[in-house]
Amino acid sequence: MKKIVLTGGGTAGHVTPNIALMPALKKDGYQISYIGSYDGIERRLIEELNVPYYGISSGKLRRYFDVKNFTDPFKVVKGYFEARKILKKLKPDVIFSKGGFVSVPVVLAAKSCKIPAIIHESDMTPGLANKLAIPSAYKICHNFPETADNLPEGKAVLSGSPIRQELLTGNRFKGLQLCGFNDEKPVILVIGGSLGAAAINEAVRKALPVLLPSYQIIHVCGKGKVDAAIKNCPGYIQFDYVKDELSDLLAAADLVISRAGSNAICEFLALNKPNILIPLPAGASRGDQILNAASFEKQGFSYLLPEEMVTDESLSKAVNEVFENRETYIQAMRSNTASNAIDIIVNLCDEAVKSRKKRKK
Ligand SMILES: CC(=O)N[C@H]1[C@@H](OP(=O)(O)OP(=O)(O)OC[C@H]2O[C@@H](n3ccc(=O)[nH]c3=O)[C@H](O)[C@@H]2O)O[C@H](CO)[C@@H](O)[C@@H]1O
């Protein structure tokens, strides 16, 4: 039996690609375990899949000043020793890391235990966590072709991003039924990234009087961000975070309004969903979503609306424009030949396992 440890967390975007790999890894004979933080979103998402979960101490490494900068490095060092202990006990043949801060000590510990670690970068440029992990990685998978310029030669593998296969088989009717919607008006799905997005939530709610006469709206607004005051508004439904229902909600959607997290946008592309992207601004991040969204706009897959330009008016104008031109967006997305990320990554894991066995002989 081959053994693999998956790691990654902090936001769902560092977990869902790992979940997408699980069925294929199991089919290929891997026994799967997961290392994440004690209390991050990954714990909830993985434990309910009945995959053995090991929590380690995790801290965020920042490039800007924060009082936590004095305590977090100790948490990361603690996480490293905990990860080493877990790896020595589990003895995996290979590690796959989807990134996020919790993954750094795991990849470093894997290197010290001589276990090959494959890491994945889904954004255009590597984040700080992956930058720290790159020197210890066996291979680095990436989603955007442009990312290769920032990766060491010989280690980069263009894989695309693994997408949960169940998202591709949603049922429009079930999605409409779940929302209490009908088939008469087109449906907009608003999804603000795995943590929600306050600016998008506010603009959408303000635009409701203009949008609701023509559209029905599903609003996935993030944990704790449901607005109780507009709970009973016909044609408008809110969810905080959606799990299995997402496939049916996506199937019901004619148009999506979203942040530009790389996994979410690859899912829209795979499903050929016309979309409006409002990337997380550079002040609140390293600006990776702006690059992701610009690339998708350039390829004709998305309509880009910068957050500083979002108002109820600009949003409803964008919705009408994208809806009118939806066929043009759909055609552009259809002509994109996506790589099969799941097969590429599982094969890479096998290659790592074999090369490790050869080295041991
Ligand atoms: C604030 C932040 O740090 N954002 C980053 C984070 O975004 P974030 O975690 O939002 O990542 P993505 O948009 O890439 O992925 C979100 C994932 O969660 C799923 N989902 C979301 C909401 C929901 O209710 N249910 C659900 O299943 C989506 O289908 C998708 O698979 O990781 C991405 C990938 O590295 C980066 O591009 C983003 O910049």
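Just the heavy atoms: all of them, side chains too, but no hydrogens, waters or symmetry mates, feed the values below. Start at 1 and go down the list; that is how both ligands and their atoms are numbered.
Both the sub-6.0 Å distance and the 45° axial angle are satisfied by Arg326 relative to the ring of Phe323.
Contact residues of ligand 1 (protein heavy atom closer than 4.0 angstrom to a ligand atom; sorted by chain and number): Thr11, Ala12, Gly13, His14, Thr16, Ser122, Asp123, Arg164, Ile191, Gly193, Ser194, Val220, Tyr241, Val242, Leu246, Gly261, Ser262, Asn263, Ala264, Glu267, Leu280, Asp288, Gln289, Asn292.
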Original post:
Going through the checks in order, is the salt bridge (charged side-chain N to carboxylate O under 4.0 Å, His left out) test met by Asp183 and Arg172?
Top reply: CA-CA 9 Å; Asp183 217 356; Arg172 178 175 170 88; 3.0 Å; yes
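Classified by interplanar angle (parallel below 30°, tilted 30° to 60°, perpendicular above 60°), the ring pair Tyr34/Tyr53 is parallel.
Ser57 and Glu82 share no side-chain donor-acceptor pair at under 3.5 Å.
Partners of Lys185 according to the salt bridge (charged side-chain N to carboxylate O under 4.0 Å, His left out) rule, which considers only residues two or more places apart in sequence or in another chain, do not exist here.
Between Glu166 and Lys243 there is no salt bridge, since none of the side-chain N atoms of the basic residue sits less than 4.0 Å from a carboxylate O of the acidic one.
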